[in-house]
Amino acid sequence: MAHPTGSYLRETRRMIAELDDNHAQYGGGIFELFGRYRVPLNTGFVEGRLIVVTPDTVPVKSERKAPFQVGDEIVAVEDKPVEYYMAQTREFISCSNGNDVLAATADQILRTKENRPLSIRYRRDGVTRDTLADVTKMPGHFSWNYLWKYHRTFSMLEDSIGYICPDKLSKEEIPEISNGLKKTRGLIIDLRYYPSQDFNEFVSQYIVPDDVKYTVRFTYPDLALPGVFYARDYSYPTYKTEKYNAPIIIMVNEGTQSYGETSVQKIQNNPYTITIGSQSAGANGNISKFTLPRGILGAFSGLGWYYPDGWVVNRQGVKIDHEIRPTLEGIRDGRDEMLEAALSLIEEKTEEE
């Protein structure tokens, strides 16, 4: 069967985009439409503008390198303004909320189907400039990794404050991490990264209190009666082990999605927990796949996902106690302002005690 191209592909992608669901990004989506070549530049929306957050983050086999600096504002690509690409995102990429639209736009605006330089207009210190930027083959999503210097499973920050990056946490590391926690007066869990499956085991053993019957509520369809849905509460097991009883700060943003959002809900059962950051992806509740004619693959969140009190996670995201977003000044200074806020909150909680 020939690979679908042209208007049929575009129309089916437009239809899937109308699901407004991050889980609907399945079957190539953004790469089929916008290309597998990309300028190796890490960008993100900061204070409503598309900003270079780390320059040239992927090696390029070329002598010509774009002269970008952290803090530069991308104004246009191929003579089309940022607003044009944002409209493209809304039309063809299924996004659960506005934060997701910005993240997808920051990725797709620098993509092309051809292995050729892209013309980029950018602004620095009030001066607008034009340049050609080389591309490299980059089929995966390009994410903004904040804590490259701390990007290991468990670290000790400053004076006895633990930091966990859960994306690579394995069962074999859990005993060592639990011992490390005994030396801490506060814990930061960075769920801007998608957690490993073994992270759930760690949370069950050492974070969620034994006397908390943690539940999530989800709704599911009756396949025999289209339009009819049922609700069910689901409990996760805990272990009779010593639980962490010092301040816990969870950091979230649009990269906190699906199982990451479930992890947030689970940790929030610990009474010492504070959640900070910006709106999470709002895409949770399994991935249900479907195939359209000519082999177009699609998907959607197959369950409605809630807190026990009825708070809807789908499209809305997890509950946040303090909204923290990066600022242009912080980006230019190379700071992680969310991490700074987390450290400050632990200091405050420690002083209160």
Side-chain angles (χ1 to χ4, degrees), residues 1-36 88-101 103-105 107-108 111 113 138-143 167 191 193-200 216-234 236 254-266 280-306 312-318:
M1 180 182 296
H3 190 73
T5 57
S7 60
Y8 177 72
L9 174 62
R10 293 176 66 83
E11 291 306 313
T12 52
R13 287 300 173 199
R14 182 181 285 116
M15 180 183 70
I16 293 172
E18 290 183 2
L19 293 174
D20 295 332
D21 179 4
N22 267 30
H23 275 162
Q25 296 179 32
Y26 186 78
I30 194 169
F31 315 121
E32 292 177 353
L33 288 166
F34 303 117
R36 296 180 181 273
Q88 289 281 97
T89 296
R90 290 194 178 98
E91 187 172 7
F92 295 109
I93 303 298
S94 191
C95 298
S96 300
N97 55 50
N99 254 12
D100 299 326
V101 171
T105 300
D107 183 55
Q108 68 102 342
R111 290 192 174 276
K113 293 183 178 180
M138 196 181 301
H141 286 283
F142 203 43
S143 60
D167 63 338
L191 278 163
Y193 295 91
Y194 195 87
S196 70
Q197 290 300 311
D198 288 344
F199 178 66
N200 180 63
V216 296
R217 179 167 298 163
F218 62 87
T219 55
Y220 61 98
D222 186 333
L223 299 181
L225 297 170
V228 175
F229 292 82
Y230 299 98
R232 177 182 295 174
D233 290 337
Y234 185 81
Y236 288 83
E254 68 280 355
T256 311
Q257 177 172 318
S258 197
Y259 172 54
E261 292 174 302
T262 298
S263 298
V264 172
Q265 290 179 267
K266 190 170 183 179
S280 64
N284 203 354
N286 296 357
I287 298 179
S288 297
K289 302 174 184 178
F290 59 87
T291 304
L292 296 173
R294 297 182 63 189
I296 295 287
L297 298 177
F300 60 94
S301 297
L303 301 173
W305 206 260
Y306 306 81
V312 183
V313 176
N314 302 91
R315 299 191 179 97
Q316 188 170 211
V318 297

K.L.:
To check you understand the geometry: which heavy-atom pair defines the closest contact between Phe92 and Ala17, and what is its length?
P.N.:
C-CB, 3.6 Å

K.L.:
Would you give the length of the straight line joining atom CD of Gln257 to atom CG of Leu191, rounded to the nearest 0.5 angstrom?
P.N.:
13.0 Å

K.L.:
Which value, rounded to the nearest 0.5 Å, describes the distance between Leu297 atom CG and Phe290 atom CZ?
P.N.:
9.0 Å

K.L.:
Distance only, no hydrogens: is a donor on one side chain within 3.5 Å (strictly under) of an acceptor on the other, for Glu261 and Trp305?
P.N.:
no

K.L.:
List the steps, then state whether side chain to side chain contact (heavy atoms under 4.5 Å, CB included) holds for Thr12 with Arg294.
P.N.:
CA-CA 11 Å; Thr12 52; Arg294 297 182 63 189; over 6 Å; no

K.L.:
Provide the closest heavy-atom pair for Asn200 versus Tyr259 in the form atom of the first, atom of the second, distance.
P.N.:
CB-OH, 3.0 Å

K.L.:
Take Ser301 and Asn314, measure what side chain to side chain contact (heavy atoms under 4.5 Å, CB included) needs, and give me the verdict at the end.
P.N.:
CA-CA 8 Å; Ser301 297; Asn314 302 91; 4.1 Å; yes

K.L.:
Can you measure from CZ (Phe218) to OG1 (Thr262) and round to the nearest 0.5 angstrom?
P.N.:
11.0 Å

K.L.:
Looking only at heavy atoms, which two atoms of Ala283 and Asp21 are closest? And how far apart?
P.N.:
CB-OD1, 3.8 Å

K.L.:
When rounded to the nearest 0.5 angstrom, what is the spacing between CZ in Phe229 and CG in Asp222?
P.N.:
10.0 Å

K.L.:
Are Thr89 and Cys95 close enough that some pair of their side-chain heavy atoms sits under 4.5 Å apart?
P.N.:
yes

K.L.:
Looking at every heavy atom in both Gly302 and Pro221, which two are closest together, and how far apart are they?
P.N.:
O-CD, 4.0 Å

K.L.:
If every non-hydrogen atom of Arg315 is compared with every non-hydrogen atom of Asp20, which pair is closest and at what distance?
P.N.:
NE-O, 3.0 Å

K.L.:
Does a side-chain heavy-atom distance below 4.5 Å link Ile296 with Tyr8?
P.N.:
yes

K.L.:
Starting from the C-alpha separation in whole Å, work towards a yes-or-no answer on side chain to side chain contact (heavy atoms under 4.5 Å, CB included) for Leu303 and Tyr220.
P.N.:
CA-CA 5 Å; Leu303 301 173; Tyr220 61 98; 3.5 Å; yes

K.L.:
Could you pull out all residues at least two apart from Asp233 that satisfy side chain to side chain donor-acceptor pair (under 3.5 Å)?
P.N.:
Arg217

K.L.:
Should Ser94 and Phe300 be marked as a side chain to side chain contact (heavy atoms under 4.5 Å, CB included) after you check the CA-CA gap, both sets of side-chain angles, and the distance that decides it?
P.N.:
CA-CA 9 Å; Ser94 191; Phe300 60 94; over 6 Å; no

K.L.:
Measuring from Thr105:OG1 to Arg90:CZ, what's the distance to the nearest 0.5 Å?
P.N.:
7.0 Å

K.L.:
For Asp167 and Ser196, indicate whether the former's side chain and the latter's backbone hold a donor-acceptor pair under 3.5 Å.
P.N.:
no

K.L.:
Can you check whether Ser96's main-chain N or O pairs, donor with acceptor, with Asn22's side chain at less than 3.5 Å?
P.N.:
yes

K.L.:
If you look at every heavy atom in Leu19 and Ala299, which pair is closest and at what distance?
P.N.:
CD1-O, 3.7 Å

K.L.:
Distance check, rounded to the nearest 0.5 Å: Arg13 atom CZ versus Ile93 atom CD1?
P.N.:
8.0 Å

